[in-house]
Every structure is written in C-alpha cells, then in structure tokens.
Amino acid sequence: MKKIQECYNKKYYTEKVLQFGEGNFIRSFVDWMIDEMNKTENFNGSAVVIQPRNNDSIKKLNEQNGLYTLYLNGIKNGEAISEHSIISSISRGINTYSDYDEFLKTAENPELRFVISNTTEAGIAYEEKDHLEDRPQSSFPGKLTALLYHRYKFFGGNKKRGFIFLPCELIDKNGEKLKEIILKLAGLWNLEEGFTEWINENNTFCNTLVDRIVPGYPKDKIEKITEELGYEDNLLVEGEQFHLWVIEGPQWVKEEFPADKARLNVLFVDDLTPYRTRKVRILNGAHTSMMPVAYLYGKDTVREAVEDKVTGKFIHDTIYTEIIPTLELSEKELNDFAQAVLDRFKNPFINHYLLSISLNSMSKFKTRVLPSILQYQKTYDCLPKRLVFSLAALISFYKGDRDGVQIDLKDDEETIALFKRLWANYDGTRQGLENLVEKVLGYVKNWEMDLNEVNNLSRQVTDYLEAILKKGMQEAVKNI
C-alpha cells in the first residue's frame, strides 16, 4: 500500500502562519481553512507547525510531508454529506525539544504574519520557572515570548514585523490573556522596554471562538477507509461539516486573513461574548459534563451516550434544566442552539469517542461547567444536581478504572499525580471519601478558587461519589 506522500504532488506556499499545535482539531479547522483560502482566495500561505509538547507527533507529520486527509461528515445545505480532501497547507513541523535553533529561525522570516495556536485550555498559562535561556521553555507562552524577542532583535524593532495572533484555546479573552502572559514574562526576564512597546504597539492580539466537533482519527473504520483511498494516512482526521470561527478584533484583519471571502463561516466582530458564552456553556459544557457519566456508564461515543435512554435523558435535562437557565440570551435562541447541538451529537457519520473529550478534563470542567454551577446556585439558591453529579463522576473517572479496565488518563502530570495519590490513600470509609473530595475541591491551582467554600458542594459531591462507588454508575445516574 502506498503512502499519502507518494500519491499527491504537493504545492508549496509561503510560510505566513506560525502554528502552535498539531492536534486533530487545529488540523481539521485552521489548516483546512488555510487550504480553502489557497484554493479560492489566492491566500498563497502555509503554516509551519510548532510542537508544544515533547512527543513524536511532529515526526509523523514530517514523514507525510505535512499532508493528511480530512473527512467532513454531517449535514450540509440540508443534506447528509460525507466528503474528503487532502490538506496541503502545512509546510513542515518543528520539534522545539530537538531543533530549538530552527524554531527561533522561523522568527527571521519577514513573510510570517500570523500566530495561531490550539494548546488546550491548559496551554495559555504563566510559568514563572521559564527562562529566556531555556531550550526550550516549558510553556507555550514561554516559547512564544522567546521567539518574539528573537524577531524583535533580528529586525531591530521594525514596526512592520509584528504578528496577528489568533489563539483557538477555549478560554475567555484568549488573545488578551496570551498578551498579558507574554508581557509578564518580558518583565520577569528583564527584557528592555522597547520590546514591551513593540508588543503593545505593533502586534494585534484577537480574542477568538472556535466551533467544530472533531472526533479525530477513525480507528474503528480506518482499514475500510484505507482500502477506499488506496493509500495509508496515519494522520487522517474526521470532523463535522459545521464550523464557526468568531474573531474579535480590528476589521482590517479580515483583509489579510480573507476567510469570509472564501465562503467560510468566519465572523469578524467587535464583541464575541454572546457567541462564546452560548457555545462554551451549552456545547462544550454538555461534552465535558457527559463524558465521565456516560463513559463510566459503559458508553464509548457521544452518539451512543445521547441516544441511550438513561444517559440521553441525563444529557438533555442537564442542558435544558441546568445550563440554559443560567444564560441571559433569549429562550428561543438558546433552545434552538441546544437542539442544534443535540442534532450534531447524533451525527450518523461520526464516532466521537468520549475518551478523546477527556483530555485535560479538570481545566475543561473549570472553564465549561463550573460557571454554570456557580451561576445556578446564585440564581436559585441551590446546586444543580446533574452538574454536581458530573463533578463527582469526574473524580471517580480519575480513579482510572472502568469495570476493572484501566483508563488511559490524559492530563498534566501534577493533576494525574494528585488523583493517583488521593485514590491510593483512600481507605474506603465515608470520612476518607470526604477527605478526598475536600482535597480535589481545594485544588486551587486548577479551580482558581477553593470550591469547599461553595455552600453544600462538598457534601453533595461526596454523596454522589459514594453512590457511584457503592452502586455503580448505571444505578447511581438513574437516581439523578
């Protein structure tokens, strides 16, 4: 069987985008859009991909010459459509852990104009242990600040060599937050005032919101797909037809990044807040709150979870009775969006695995679900039982076991170590469970607050967790 790189005559474009992240989402969203703009708007640009974590994913990307197949499956213009294409908008990948000099050298390219990232919610974080001299810095903002400083020095502070930043991490004010951390690191590293002025005056940090469900690599049907394609593709990815990118920033940005002219669903707006709140709380909140409940119940995919009589009712009621009541948009708009979300969850073409959603679930829960819990309590003076049950289920999920089978937990090392220690020390008693829950809710580094101070939360989480452990998820969720 041939490889994908042997079956496609790749066209090379100018490297205009510095992309942090090589995962399924950014390749099926951003790189697909760049590919579309190259086809329809003569964008004539490619992305050089920077690996934010130390793994072998960039090696796989380079082995395939930056090429991969994207399947888009779902409803398009009212019809169920499955279509695929080879994406050729990635020029190359760089591993900062093995080729740091090449990483810095990208900053010397005068044609480089955009910095786009998708490093998960945990990626845009300040790490005071990072130093300018590190090769590489441990955090994404640390690597980026070092690269920006190299560009600033190389071009002598040229005002025309700033970047447009389009971060895709699902945190509020992601562009502003990224800029804030860069400036904080510049101060920590005692970089000259001119660099800070260059960042402030000659770089544009946009807040953005992204929306596309991306199940990723279709492992359950890859053999059939490979036979149909006639070539092997280790980076093949599946996504839904629906896509939305809301970019909050100066209107002139769309002239340089003409996604809207390529008939892509990209909105350039003055305020993305209403779009973000609706999407994060309903779509992402439903994903994150369903994951531990449905997975421990025995379901493996989102579609299975939504279509099951028990877990489907749990998900539906969570959205309509606990999430929507905390939002300020019109009831019709919220209900219509929620119904569209549930329809997307049932996409017949896609197997969106719950374990793929579980990456960095603690930080995701803080961003996507916790605001609904706190707002619900503030509005109704009681806790939303399904969302709180989901938190208890998440703690049980991090025990790392489903019916005697080990769960491949994926989170930062500190979080994994915390749960491993807590569950190892659990003695099986009610008091031991209360202590375990207290430690999790008191994990301020993740929650950015002590959740033990939320009235009745600790007791209710403990009650639900006890029910899950004693009765099993299938019985415990029925009582909810």
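Positions are given from 1, in the same order as the sequence printed here.
Note on ring orientation: taking the six-membered ring where Trp is involved, the planes of Phe165 and Phe163 are perpendicular (angle over 60°, cut-offs 30° and 60°). Relative ring orientation between Phe20 and Phe140 is described as tilted, the plane-to-plane angle lying within the 30° to 60° band.
Residues Gln339 and Asn335 have side chains that never bring a donor and an acceptor to within less than 3.5 angstrom of each other. Remark: the Glu127 side chain and the Ser138 side chain contain no N/O donor-acceptor pair separated by less than 3.5 Å. Side-chain contact annotation: Asp411 with Tyr398, donor-acceptor N/O pair under 3.5 Å present. With no hydrogens or angles considered, a side-chain donor-acceptor pair links Asn351 and Arg303 at under 3.5 Å.
A donor-acceptor contact shorter than 3.5 Å is absent between the side chain of Glu475 and the backbone of Gly472. In this structure, the side chain of Arg27 engages the main chain of Glu22 through a donor-acceptor pair within 3.5 Å. The backbone N or O of Gly404 sits less than 3.5 Å from a side-chain atom of Asp401, completing a donor-acceptor pair. For Asp130 (side chain) and Ser139 (main-chain N/O), a donor-acceptor pair under 3.5 Å exists by modelled atom type. A donor-acceptor contact shorter than 3.5 Å links the side chain of Asn207 to the backbone of Gly175. Judged by distance alone, the side chain of Glu232 and the main-chain N or O of Asn234 form no donor-acceptor pair under 3.5 Å. Lys364 places no side-chain N or O within 3.5 Å of a backbone atom of Ser358 that could act as its donor or acceptor partner. Between the side chain of Asn174 and the main chain of Pro167, a donor-acceptor pair closer than 3.5 Å is present. Looking at His131, its side chain does come within 3.5 Å of a backbone N or O of Lys129 through a donor-acceptor pair. Side chain of Glu240 to backbone of Gly74: no donor-acceptor contact under 3.5 angstrom is found.
Ile90 contributes atom CD1, which lies 4.5 Å from atom OH of Tyr68 (distance to the nearest 0.5 angstrom).
Glu307 is linked by a side-chain hydrogen bond (donor to acceptor under 3.5 Å, both in side chains) to nothing, counting only residues two or more places apart in sequence or in another chain.
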Considering only distance and modelled atom types, tabulate donor-acceptor pairs under 3.5 Å from the side chains of residues 288-300, sequence neighbours left out.
| from | atom 1 | to | atom 2 | distance (Å) |
| --- | --- | --- | --- | --- |
| Thr288 | OG1 | Asn284 | O | 3.2 |
| Thr288 | OG1 | Arg368 | NH1 | 3.1 |
| Ser289 | OG | Gly285 | O | 2.7 |
| Ser289 | OG | Ala286 | O | 3.4 |
| Lys299 | NZ | Asp308 | OD1 | 3.2 |
| Asp300 | OD1 | Arg402 | NH1 | 3.2 |
| Asp300 | OD1 | Arg402 | NH2 | 2.9 |

Practice problem: Give the intermediate values and the outcome of side chain to side chain donor-acceptor pair (under 3.5 Å) for residues Asn455 and Gln377. | Solution: CA-CA 9 Å; Asn455 191 34; Gln377 187 195 51; 5.9 Å; no
Quiz prompt | side chain to side chain contact (heavy atoms under 4.5 Å, CB included) evaluation trace for Ile225 with His84 | solution = CA-CA 11 Å; Ile225 290 175; His84 68 273; over 6 Å; no
Practice problem: Mind running salt bridge (charged side-chain N to carboxylate O under 4.0 Å, His left out) on Glu333 and Arg278 for me, showing each step along the way? | Solution: CA-CA 9 Å; Glu333 183 179 3; Arg278 182 185 67 177; 3.4 Å; yes
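Aromatic pair His287/Phe345: centroids less than 6.0 angstrom apart.
Ion pairing of Lys445 with Asp412 is absent here, as no side-chain N (NZ or NE/NH1/NH2) approaches a carboxylate O to less than 4.0 Å. Using a 4.0 Å cut-off between a side-chain N of Lys or Arg and a carboxylate O of Asp or Glu, Asp317 and Lys313 qualify as a salt bridge. Looking at Asp134 and Lys143, no side-chain N of the basic residue comes within less than 4.0 Å of a carboxylate O on the acidic one, giving no salt bridge. Taking a cutoff of 4.0 Å between a charged side-chain nitrogen and a carboxylate oxygen, Arg430 and Asp463 qualify as a salt bridge. A salt bridge does not link Glu180 to Lys184: none of the charged side-chain nitrogens sits closer than 4.0 Å to a carboxylate oxygen.
The residue from Phe205, Tyr149, Tyr126 that alone fulfils the side chain to side chain contact (heavy atoms under 4.5 Å, CB included) condition with Ile182 is Phe205.
The cationic atom of Arg212 (NZ for Lys, CZ for Arg) does not lie both less than 6.0 Å from the six-membered ring centre of Phe29 and within 45° of the ring axis. Note that Lys399 lies outside the cation-pi zone of Tyr426, set by a 6.0 Å cut-off to the ring centre and a 45° limit from the axis.
Asn95 has its side chain out of reach of Glu102: every pair of non-hydrogen atoms, C-beta onward, lies at least 4.5 Å apart. At least one side-chain heavy atom of Phe419 sits less than 4.5 Å from a side-chain heavy atom of Ile395. The side-chain heavy atoms of Ser458 and Glu434, taken from C-beta on, include no pair separated by under 4.5 Å. Taking the side chain as every heavy atom from C-beta outward, Val302 and Ile357 approach each other to under 4.5 Å. With contacts defined as side-chain heavy-atom distances shorter than 4.5 Å, the pair Thr326/Thr379 does not qualify.
Within 6.0 Å of the OH atom in Tyr275, the count of heavy atoms belonging to other residues, nucleotides or ligands does not exceed 12. No more than 12 heavy-atom neighbours from other residues, nucleotides or ligands sit within 6.0 angstrom of CD on Glu328. Other residues, nucleotides and ligands contribute at most 12 non-hydrogen atoms within 6.0 Å of the CG atom of Asp381.
Nearest approach of Ile58 to Gly93, heavy atoms of both residues: CG2-C, 3.5 Å. Contact record, Val461 with Val437: CG1-CG1, 3.8 Å, taken as the closest heavy-atom pair. Shown here for Val214 and His352, the closest heavy-atom pair between the two residues is O-NE2, 3.7 Å.
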